[in-house]
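Structure first, commentary second.
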Amino acid sequence: MISWIQNHLIRHGRWIFLTLLSVIIVAFVFTIGNTPGCTSDQSAYRENNFYGYDLNSPREMGIISEKVSLSSILNTGRPIQSEQQFQSEVMSRIALLHLANEIGIPTPNQKTLELYIMTKAAFRGPDGQFSRDAYTSFVDNIESNPRMPQGLFVVVLEENYRIDQVRDALGGPGYALPSEALAQTERNQTTLKLATAEINYADFTPEVTAEESVLKDYYAANPKRYEIAERIQASYITFPATKYADQVVAPEQAELRDHFIANRAAFVTAYEAAQPKPDNLDAEKPAVTFEDVREAVATDLAGQAAMRIANQAAQSFAYTLYRDNIEQDSAAFNTLLNESNLTITEIPPYTAEGATRRALSTEMLEAAFILTQKRYFSDAYAIDGGFGVLIYKDRIAPEIPAFDTVTAVVKADYTAEEKRRLFNENGVRLETELKDNIATGSTFIEAAEMLDLKASESEAFKISEAPRTFNRAALQKAQSMAAGEVSPMLTSGDIGVFVYIEEKLVPEIEADDETLTQAQDFLKRYATYVSSAALINELITSGIEIPAEADEAVVE
């Protein structure tokens, strides 16, 4: 088996899992760092050093991204699931490799690497063990993709081995007190029989009086709640596709047919929707042919071509502003605008949050927050019917509006907060009355119904086997209560719930109990993970350079 792996490793290790990795890398590689665009002010670029890697360098981030993406597939059998996970893996990999170099952890020899390969999730079969077929399938998938750097497969495996050695050292042997394992086992094996009573927040309708003086006091005590965040003043230049329709070259017959074939379903659906409904709904629909939708295909293809020309025009305009260093509202700016027969449209001031609620492109509006008086124009962004270039003008500093302008909002906030306070007070009263009713001989269910609460009982269950539908807050509270106790009102979403312990049976756990042994093993592994994660986070934090304030700031 070992020699078989060795032969495949030598034969196939030089090719990389391109097809899968390329999608992942393109999606995530530019999320780290601060790299300039084609029309950006290059002088604003700053190196962001992290243990020898420049996080602002697309080339260096491209290399580490390839490694991180392949590593995830090798370790878990699946690609990275989110941008947050990707960024975490990038930073951890760089930091741990740095520590491995500092400690002097060697690269594994051939035999060690072969054994390490057999532990990887990517090569496991249905039984969870190393599978020769799974390994062969993986190798077959990567060997025909020569566009990735040679040797990366082996390099990633070797680095992963060294990283795992560092993780093991940082985590330590893992330690848990015997009492912790016993407490967890007892808790999981404890049997509970519970009753609950609920009150709906929506059904609670107290009368809240809001005098103006009270509202003003509330407003004065919570000024930040009504602060209007920094707003952007900007406009945008439109490059409508219709403006460039006469520049579209009439497509050839073959192009029309190819476009129809590529988008057949959309054209057929639109054509059928436009036809009158047949008298006989059960009759077979005639097949929609290319000739039936030829005009629609030509119109759609021409529209796409016009959009591409509009995009090129918008990009060219932005690039001209950058290349010729044209200042905003200068004679050169106005001349370029007039010669291009373009119009500029004002955008009402907006906040960062408000950018997502406008009809315009969110990406274009958000771009304004990284613009300055010097770099005042954005790249081209798709907008309705064409493309646009945003023109940054200024920022409006955060401000707190006058009370008279937000009175209605203040009243709504005060009323909601007062209702919540009264709801909690009512919960304290109901708890007292529940306990009093039970003390006089009523069951919990009877006591709850006297107070018009929605009451229910559960069958007995072990905590480790609690029904998924059971209120999580109630279950958590019940674990620390004794039989016969009534809990305070617990707020879970818009529901206030009281828990009553009808029965509670805590088992005696023997020293050789299997579940106790499992709990001990779990707590040790968890302690190892927590220790390792904490040290890795500290290592990452230590490696992040904090730029100097004065000389790093760009003052406009």
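Asn537 places no side-chain N or O within donor-acceptor distance of the main-chain N or O of Ala534, the cut-off being under 3.5 Å. A donor-acceptor pair under 3.5 Å is absent between the side-chain atoms of Ser532 and the main chain of Tyr529, judged by distance alone. In terms of modelled atom types and a separation under 3.5 Å, the side chain of Arg124 and the main chain of Met118 share no donor-acceptor contact. Between the side chain of Arg167 and the backbone N or O of Ile536 there is no donor-acceptor pair closer than 3.5 Å.
The pair Glu159-Arg162 does not meet the salt-bridge criterion, since no charged nitrogen lies less than 4.0 angstrom from a carboxylate oxygen.
Counting heavy atoms from C-beta on, the side chains of Lys224 and Glu227 come closer than 4.5 Å. Side-chain contact between Val90 and Ile94: present, with at least one pair of heavy atoms (C-beta onward) separated by less than 4.5 Å. Using a 4.5 Å cut-off on side-chain heavy atoms (C-beta onward), Ile326 and Tyr376 make contact. Looking at heavy atoms from C-beta onward, Tyr219 lies out of side-chain contact with Asp413 at the 4.5 angstrom threshold. Residues Asn160 and Arg93 meet the side-chain proximity criterion, which asks for heavy atoms closer than 4.5 Å. A heavy-atom distance below 4.5 Å is found between the side chains of Leu365 and Leu390. With contacts defined as side-chain heavy-atom distances shorter than 4.5 Å, the pair Leu170/Leu99 qualifies. Between Thr362 and Arg358 there is no side-chain heavy-atom pair separated by less than 4.5 Å.
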* Asked: Run the side-chain contact (heavy atoms from CB on, under 4.5 Å) check on Tyr161 and Leu157 step by step: do they pass?
  -> CA-CA 6 Å; Tyr161 173 84; Leu157 283 169; over 6 Å; no
* Carefully, step by step, assess Leu55 and Met61 under the rule side-chain contact (heavy atoms from CB on, under 4.5 Å). => CA-CA 6 Å; Leu55 299 182; Met61 285 300 96; 3.6 Å; yes
* Working for side-chain contact (heavy atoms from CB on, under 4.5 Å), residues Thr238 and Leu342 -> CA-CA 7 Å; Thr238 307; Leu342 298 169; over 6 Å; no
* List the steps, then state whether side-chain contact (heavy atoms from CB on, under 4.5 Å) holds for Tyr381 with Leu360. => CA-CA 10 Å; Tyr381 289 93; Leu360 284 172; over 6 Å; no
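Sequence neighbours left out, not one pair with a member in residues 234-244 passes salt bridge (Lys or Arg N to Asp or Glu O under 4.0 Å). Counting only residues at least two apart or on different chains, no salt bridge (Lys or Arg N to Asp or Glu O under 4.0 Å) pair has a member in residues 310-330. Counting only residues at least two apart or in different chains, ring pair (Phe, Tyr, Trp, His ring centres under 6.0 Å) contacts with residues 230-256 comprise Phe239-Phe317. Within the structure, ring pair (Phe, Tyr, Trp, His ring centres under 6.0 Å) pairs that include any residue of residues 286-309 comprise Phe260-Phe290 (at least two apart or interchain). Screening residues 247-271 for side-chain hydrogen bond (donor to acceptor under 3.5 Å, both in side chains), with sequence neighbours left out, gives Gln253-Arg294, His259-Asn263, His259-Asp300. Contacts classified as salt bridge (Lys or Arg N to Asp or Glu O under 4.0 Å) and involving residues 390-409 (residues at least two apart or in different chains) are given here: Glu230-Arg395, Arg231-Glu399, Glu346-Lys393.
Atoms CD1 and OG, from Ile540 and Ser88 in turn, are 6.0 Å apart once rounded to the nearest 0.5 Å. For the atom pair Arg78 CZ and Thr76 OG1, the distance stands at 4.5 Å (nearest 0.5 Å). Summarising the geometry, atom CD1 belonging to Ile383 is positioned 8.5 Å from atom OG belonging to Ser361; distances are rounded to the nearest 0.5 Å. With rounding to the nearest 0.5 angstrom, the CG atom of Leu301 is 6.0 Å from the CG atom of Leu256. A distance of 10.0 Å separates CD1 in Ile232 from OG1 in Thr351, rounded to the nearest 0.5 Å. Rounding to the nearest 0.5 Å places CG of Leu336 at 8.5 Å from OG of Ser316.
Across every non-hydrogen atom of Ser72 and Gln85, the tightest pair is OG-NE2, 4.5 Å. Heavy atoms only, all atoms of each residue included: Ala310 and Ala241 are closest at CB-CA, 4.1 Å. Nearest heavy-atom pair, Asp54 versus Glu60, reported as atom, atom and distance to 0.1 Å: N-OE1, 2.7 Å. When all heavy atoms of Val288 and Val293 are compared, the closest pair comes out as CG1-CG1, 3.9 Å. The heavy-atom pair separating Phe50 from Gly543 by the smallest distance is CD1-O, 3.3 Å. The shortest non-hydrogen separation linking Val166 to Ala100 is CG2-CB, 3.7 Å.
No more than 12 heavy atoms of other residues, nucleotides or ligands shown are found within 6.0 angstrom of OH on Tyr526. Summarising the local packing, CG of Asn338 is surrounded by more than 12 heavy atoms from other residues, nucleotides or ligands at distances under 6.0 Å. Annotation for Gln328: atom CD counts as buried by contact number, over 12 foreign heavy atoms lying within 6.0 Å. Annotation for Asn341: atom CG does not count as buried by contact number, only 12 or fewer foreign heavy atoms lying within 6.0 Å.
The aromatic rings of Phe130 and Tyr135 lie tilted to each other, with the angle between the two planes from 30° to 60°.
Looking only at atom types and distance, the side chain of Asp133 has no donor-acceptor partner in the side chain of Thr136 under 3.5 Å away. Looking at Gln84 and Ser82, their side chains never bring a donor and an acceptor atom within 3.5 Å of each other.
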